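Here's the structure, in structure tokens; my notes come after.
Keep in mind that this is a model prediction, so the values were computed, not measured. Chain letters run A, B, ... following the sequence lines, proteins first, then strands; residues in each count from 1.
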There are 2 protein chains.
Amino acid sequence: MPASIGDVAEHAGVSVATVSRALRGLPNVAPSTRARVLEAAARLGYVADARAAGLASGRTRTIGVAVPLIGPWFFSQVLAGVEAVVTDRDLDLLVLTVDDDAGRQRLASGARLRGRVDGVIAVDVALTEEQRATLAANDLPAVLVGLRGEDLPCVLVDNVEVGRTATEHLLSLGHTRIGLVGHARDDPLRFSVPEERRRGYHEALAAAGIEPDPRLELDGNFSIPGGAEAAEALLALPEPPTAILAMSDEMAFGCLRLARQRGLAVPGDLSVVGVDDHDVAAAWDLTTVSQPVQGMGEQAAELLLAVIDAGATAPAHLTVPSRLRVRGTTGPAKADRTPSRSTQDAIT
Amino acid sequence: MPASIGDVAEHAGVSVATVSRALRGLPNVAPSTRARVLEAAARLGYVADARAAGLASGRTRTIGVAVPLIGPWFFSQVLAGVEAVVTDRDLDLLVLTVDDDAGRQRLASGARLRGRVDGVIAVDVALTEEQRATLAANDLPAVLVGLRGEDLPCVLVDNVEVGRTATEHLLSLGHTRIGLVGHARDDPLRFSVPEERRRGYHEALAAAGIEPDPRLELDGNFSIPGGAEAAEALLALPEPPTAILAMSDEMAFGCLRLARQRGLAVPGDLSVVGVDDHDVAAAWDLTTVSQPVQGMGEQAAELLLAVIDAGATAPAHLTVPSRLRVRGTTGPAKADRTPSRSTQDAIT
DNA sequence: GCAGGCGGAGCAAGCGCTTTCAGGGCTGCG
DNA sequence: CGCAGCCCTGAAAGCGCTTGCTCCGCCTGC
């Protein structure tokens, strides 16, 4: 039903080849001819069929982004960053969620993507070594975000540093018992970020001569309720922490909620530091380690476009800076006093 | 470079037609032949080129979603809802941002989408009457979310009711001066939601016999900082409101932040109600009017798929329910006392 | 005045699939 | 035993573009 290039050619009295060239602004088309073609195309409301154009040209003018989930703040911000660059270049954005191993395998093998995208950005998609190799060996340009891949370009945050920075901040305030709320330890493959941040936490503790206490390290599921539960468990310990490092702002929000419910003053009774600099972190006055999430999406997109345009270059590993943002949820540890709830416990 | 259907045919010793049928599970293929084809395809790592398949079949197996922005909570949730349905049907998701009139025009005319998607969902894209007609006349199946369109199926919230419900809640608590924080009045076309919510607010006030005060209605830009600014301006009024209805939770967060900075007790000195039931609203104990955002995305996707599968049916108009969620940021108005800051002002 | 060059346009060969139509071997029934 | 009919398979015609190659004038440069 829609007008095809042949219709335009007919109306303009030229060949389809000329229509194609005229419409795409290629040289070797006389101005008067081009004008006639443009006029005819406009009159017919003609738009080139993307499939046909792609088939013939070998390109799709689309780039794909694989994320585990779309809804969470982090991923939507990365998507927004990618989108900005992609739209700027007049390309389209295909979003696919990859949250299980079948999906990772499909992504790595290029299935489901062939003829769909010119390149793909995988955000926090925990590919196995083998899958990464498959992806790299594939002809499909790919960029990783959040996770390392030797043979692929990637955009990373130094998560060890993130963990260390946050921990050092709390140590510098005099805290010695610092809770860590993050992801479950038994899942290193799916998502290596928590493990790295935990390492930074341990390094900082070690540098301060503090023995890590495994009971202070809990899973928070990277969600608000998860953070609240973890905080609850931490505060129920015989010797509860005076500060909590949550590996994401969302978990930190959960901790803050629980603290409020318990009637604990923040940072008076409990200090909390998060990671991300979530949109609402500032509104909550949350001390956090910020990372340029949207910027990571942009960088990844730029990297990918460079690979697509320039062909296979040496895989660049980009490390973006993180930065401690001290706000109101962290303060000096009270030397003489553990949080009120445990004080009660101690009295009884 | 990737294997083509011809390679598979050759390896399996059959024709391309048979490969195509075998791989897509069509009938009239002998089991033994199918097995041979599958084996060959697996060995070669063959995947059909989406463009070629689409060109030949006329379908793209992709559906498009147009949003003004990707990053904000609301849109990312709608996207997630659409994604769930789309992935479930083994389709792909193309995301495009439409934030200016050129973009709206392109969307309506189907440019940039031809040969890319089988249908499109437009979320809060404020098309003109003419653009909506163009879109409807187009052969491209489309569903609207958030904004009404007579000749197109759409998924809506009764925003008048949202405004009324929230306002009635505050009225029932004894508030009579209620600030309204939303979008600028002079932009009715781009985004009709604020206008509708404002109408509900006015209706509730009228029912309570209260004369609306234009000075109480301010723009909040649907952002946290915008909400904070609006709250600041409201509290600086000679007769400041004792409650604020923010048209989004994000703006409500801004109000809460400002209240805390000003040392105002919530809800003691100031009640705040939002709209959305944002992920962190519960953590903040924010009273709000919830709407099933993700569900709206799902519904829209289902509606679109129905249109695509069944052809043009009568455009369905789906209204999803909103619901007041009373939490801790709203409380009784103090009859004898305006918020502390204005009390100071009154004293001087 | 003529050859070489160049800008402008068309022809036609794909791009890699899907799908219609035709055909060949069998089975089953008369 | 013969023919209708059914299964399975292949040949080939597109789908709607892009692009390499060819061709045709006309303008330079010597």
Which value, rounded to the nearest 0.5 Å, describes the distance between [X] atom [atom1] and [Y] atom [atom2]?
X	Y	atom1	atom2	result
B/Ile70	A/Glu83	CD1	CD	4.5 Å
A/Asp49	B/Leu113	CG	CG	11.5 Å
B/Ile121	B/Ile63	CD1	CD1	4.0 Å
B/Leu135	B/Arg104	CG	CZ	13.0 Å

Original post:
Just wondering, do B/Phe74 and B/Gln291 contact through their side chains at under 4.5 Å, heavy atoms?
Top reply: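 Sidechains of B/Phe74 and B/Gln291: in contact.
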Original post:
How is B/Asn28 classified with respect to the nucleic acid when contacts are heavy atoms under 4.0 Å: base, sugar-phosphate, or nothing?
Top reply: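 If one applies the 4.0 Å heavy-atom cut-off, B/Asn28 turns out to touch a base.
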**OP:** Using a 4.0 Å heavy-atom cut-off across all strands, classify A/Arg21 as base, sugar-phosphate, or nothing.
**Re:**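 Counting heavy atoms under 4.0 Å across all strands, the contact made by A/Arg21 includes a base.
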Original post:
In residues 107-120 of chain B, which ones come under 4.0 Å of DNA chain D, going by heavy atoms?
Top reply: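 Listed by number, they are B/Arg114.
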Original post:
Counting only non-hydrogen atoms, which of residues 54-64 of chain B are less than 4.0 Å from DNA chain D?
Top reply: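 B/Leu55, B/Ala56 - these, ordered by number, are the residues of the stretch whose heavy atoms sit under 4.0 Å from the strand.
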Would you find a donor on one side and an acceptor on the other, under 3.5 Å apart, between the side chain of [X] and the backbone of [Y]?
X	Y	result
B/Asn138	B/Ala108	yes
B/Arg114	A/Val47	yes
B/His317	B/Leu156	no

Starting at [atom1] of [X] and ending at [atom2] of [N], how long is that distance when rounded to a whole Å?
X	N	atom1	atom2	result
A/Leu23	D/dG16	CG	P	16 Å
A/Asp49	D/dT18	CG	P	10 Å
A/Leu26	C/dG8	CG	P	13 Å
B/Arg51	C/dG14	CZ	P	18 Å

**OP:** Could you pick out which residue, B/Ser32 or B/Ala52, lies toward the 5' side of DNA chain D when each is mapped onto its nearest nucleotide?
**Re:**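 Taking each residue's closest nucleotide, the earlier one in sequence belongs to B/Ser32.
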Below 4.0 Å: OP1/OP2 of [N] and any side-chain N or O of [X]:
X	N	result
B/Thr18	D/dT9	no
B/Thr33	D/dC8	no
A/Ser4	D/dC15	no

Subject >> Distance-minimising heavy-atom pair for A/Leu107 and A/Ala122 >> reply: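 Distance-wise, the nearest heavy atoms are CD2-CB, 4.1 Å.
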Original post:
Partners of A/Glu39 by side-chain hydrogen bond (donor to acceptor under 3.5 Å, both in side chains), sequence neighbours excluded?
Top reply: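 For A/Glu39, the residues satisfying side-chain hydrogen bond (donor to acceptor under 3.5 Å, both in side chains) (neighbours in sequence not counted) are A/Arg43.
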Original post:
Can you list, by residue number, the residues of residues 34-44 of chain A that have a non-hydrogen atom closer than 4.0 angstrom to DNA chain C?
Top reply: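 None, since no heavy atom is under 4.0 Å.
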Subject >> side chain to side chain donor-acceptor pair (under 3.5 Å) partners of residues 63-77 of chain A, not counting sequence neighbours, each pair once >> reply: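 Output for this query lists A/Trp73-A/Asp279.
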Subject >> CA sep, side-chain torsions, deciding dist, call: A/Thr60, A/Arg51, side chain to side chain donor-acceptor pair (under 3.5 Å) >> reply: CA-CA 8 Å; A/Thr60 64; A/Arg51 291 168 301 203; over 6 Å; no
Original post:
Should the pair A/Glu302-A/Arg89 be classified as a salt bridge under the 4.0 Å nitrogen-to-oxygen rule?
Top reply: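 Result for this pair is yes, salt bridge flagged.
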**OP:** Would you mind checking if A/Asp92 and B/Arg112 are paired as a salt bridge, meaning a charged N to carboxylate O distance below 4.0 Å?
**Re:**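 Looking at B/Arg112 and A/Asp92, the cut-off is met.
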[X] side-chain proximity, nearest of [options]:
X	options	result
B/Ala17	C/dT19, D/dC17, D/dC8	C/dT19
B/Ser20	D/dT9, C/dT18, C/dG8	C/dT18
A/Val16	C/dC17, D/dT18, D/dG10	D/dT18

What nitrogen or oxygen pairs link the protein and nucleotides 24-28 of chain C at under 3.5 Å?
none

Original post:
Nearest nucleotide by nearest heavy atom, which residue falls closer to the 5' end of DNA chain C, B/Arg24 or A/Ser15?
Top reply: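 Mapping each residue to its closest nucleotide by heavy atoms, the 5'-most match is A/Ser15.
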